[in-house]
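Heavy-atom basis, side chains included; hydrogens, waters and symmetry copies ignored. As the structure is a computational prediction, the values presented were derived from the model and not from experiment. Residue numbering restarts at 1 for every chain, and letters A, B, ... go by the order of the sequence lines.
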Protein chains: 2
Amino acid sequence: MRIVTWNVNGIRAAIRKGIDKFFDKIDADVWMLQEVRCLSEQLPKDWSLPEGTEMILHPAEKKGYSGVATISRIEMQELGRGMKGKLDPQDSEGRVLVTRHNDVVLVNTYLPSGSSKEERQQYKETWMDQWREFIRPLLDSDDVVIVAGDLNIAHTENDIWNPKGNAKSSGFLPHEREWFSDLLSEGWHDLFREHVGPDEKIFSWWSNRGQARAKDRGWRIDYLLGNKAARERMKSVEIDRQGGLEVSDHAPVILDIHSS
Amino acid sequence: MRIVTWNVNGIRAAIRKGIDKFFDKIDADVWMLQEVRCLSEQLPKDWSLPEGTEMILHPAEKKGYSGVATISRIEMQELGRGMKGKLDPQDSEGRVLVTRHNDVVLVNTYLPSGSSKEERQQYKETWMDQWREFIRPLLDSDDVVIVAGDLNIAHTENDIWNPKGNAKSSGFLPHEREWFSDLLSEGWHDLFREHVGPDEKIFSWWSNRGQARAKDRGWRIDYLLGNKAARERMKSVEIDRQGGLEVSDHAPVILDIHSS
DNA sequence: CTTGGTATG
DNA sequence: CATAACAAG
């Protein structure tokens, strides 16, 4: 079974740039997309989902902003939207979508960015704490649980091109990195990192400014985190850098798990 | 002496699309541009005016909106901005710029559009009346006086592709057309119309919607109006339809006058 | 630098 | 349908 997370940075732009080619090429069972920036009714009329798939789209209330969607070619059951917490009980920003696909539970997540203003950084941090609480009960499930998406945090110095220069950047602040470490201490597995080992510097996002993409000045902020059952079923994880060139400023992160 | 009026629909876009080619090709002494939608400091750093010319730019206060500019390769003296009336004494929308070029006085005008909402139609009509008062004293000048620009009104049935279907459209309302007739009764000469005669249907603007440009479904709303002295010096007037294809949704209107 | 929304024409 | 500002990332 193949599961992918991808921040598409506007699904309509992604469609124009040929996202379909990647749907075909990567041939996944489930796609968790973030930042779709689109309501269902805004999808181009002449576009259709990959053959045999269905999509659950959970948009933000604000048009053209945020929003996640999960596309599946295996039976999909919606388990919920949002975190039911006090911060944003209706998940008006379209950031969390939970689905079940047989014995696999997926939490498609788009964690807020804090880089625009201090107020949003505060929001991000409150959100982070609430999300950690929200996913905690899933840790001990016997189901394969994968919480994945754009978490807007690079964890280690090997998850960012220039750790020194970004020590004060939102997304690489010491307490954000600690929060991430705590998450792993609780029992979540950073599947890509565990698959490739601690030393690889491989990124999933590159700024559009300057020559960041060409010079591979990126960050790894797109994750697949798994519980014990997921870790045991993991076969391989890779990042398709090509998708981060042609379609989005993020690359798809691809997980293969052994069948049950 | 060659004098041109042209609504460029954003001078920065016009520069990208090759307005310089038209500066060279048409080789005018004075250009009256409307809808420059630009402050001086926003002009591209790598762009320069045609050799030997100077420009007076009178922008709107609101960024990216309206604004007129006059470019001259002969000595130019600024006579004033705005109409000094009560409607908009500072001409905050950048709609009127008066210049002198030896014995020629030019009133570069961008008359408000009324098509967005009724409130703007009211504004347009008040503006029209005030402008007529403003230019009236220039009628009896011994100088050549040319009031020109985008007047946002098609005068006769030969100034619009579909007079029947537009009888209720702002820009072709009966009272707007009457206002135009009154202007001519006062003594202003519609130089293009007097040059080509009453029967020609030649337009200066085409909507960007549909196939209006391809099907020549246009309006003549860009004018050069002259006083008696101007009428006597008139040699020819033509509309360069090519400029309305390659650079703007409006075409340049070109006046040649005999030298004094 | 790019997305998408909006105001204006 | 196009220009340009803007908010957001």
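- Note on B:Gln42: only backbone sugar-phosphate atoms sit closer than 4.0 angstrom, heavy atoms only; bases stay farther off.
- Every residue two or more places apart in sequence or in another chain that forms a salt bridge (charged side-chain N to carboxylate O under 4.0 Å, His left out) with A:Lys164 is listed here: A:Glu157.
- Atom CG in B:Asn208 sits about 20 Å away from atom P in C:dA7, given to the nearest Å.
- Each of D:dA4, D:dG9, C:dG9 was ranked by its minimum atom distance to the side chain of B:Arg12; first place goes to D:dA4.
- Considering all non-hydrogen atoms of both residues, B:Thr99 and B:Ile56 come closest at CG2-CD1, 4.1 Å.
- A:Ser116 has no side-chain polar atom (N or O) that falls below the 4.0 Å cut-off from OP1 or OP2 of D:dA8.
- Atom CZ in B:Arg209 sits roughly 12 Å away from atom C1' in D:dT3 (whole-Å rounding).
- At a cut-off of 3.5 angstrom, counting only N and O atoms as typed in the model, there is no donor on one side facing an acceptor on the other between the side-chain of B:Arg120 and the base of C:dG9.
- Put simply, CD1 on B:Ile153 is 15 Å from P on C:dG9, counting in whole angstrom units.
- If you check every strand for non-hydrogen atoms under 4.0 Å, B:Ser115 touches nothing.
- Relative to the side chain of B:Lys17, the nucleotides D:dC1, C:dT2, D:dT3 differ in distance, and D:dT3 lies closest.
- The closest side-chain donor-acceptor pair between B:Glu125 and B:His175 falls under 3.5 angstrom.
- Taking atom CD on A:Glu35 and atom P on C:dT3, their separation rounds to 11 Å, with Å as the unit.
- Between A:Glu61 atom CD and C:dG4 atom P there is a gap of 20 Å when expressed in whole angstrom units.
- The two residues A:Cys38 and A:Leu57 make their nearest non-hydrogen contact at O-CD2, 3.4 Å.
- With hydrogens and angles left out, the side chain of B:Arg37 and the base of C:dG9 share no donor-acceptor pair within 3.5 Å.
- Rounding to whole angstrom units, CD of residue A:Gln121 and P of D:dA8 are separated by 16 Å.
- For B:Ala13, whose side chain is taken as the heavy atoms from C-beta onward, the closest listed nucleotide among D:dG9, C:dG9, D:dA4 is D:dA4.
- Side-chain atoms of B:Lys117 lie closest to C:dT8 of the nucleotides C:dT6, D:dA4, C:dT8.
- Remark: A:Lys17 pairs with no residue by the salt bridge (charged side-chain N to carboxylate O under 4.0 Å, His left out) rule, at least two apart or across chains.
- Rounded to a whole Å, the CZ atom of B:Arg217 is 15 Å from the C1' atom of D:dC1.
- When each of D:dA4, D:dG9, C:dG9 is scored by its nearest atom to the side-chain atoms of B:Arg16, the top-ranked nucleotide is D:dA4.
- At a threshold of 4.0 angstrom between heavy atoms, the contacts of A:Arg213 with the nucleic acid are absent.
- What separates NZ of B:Lys62 from C1' of C:dG9 is a distance of 11 Å, to the nearest Å.
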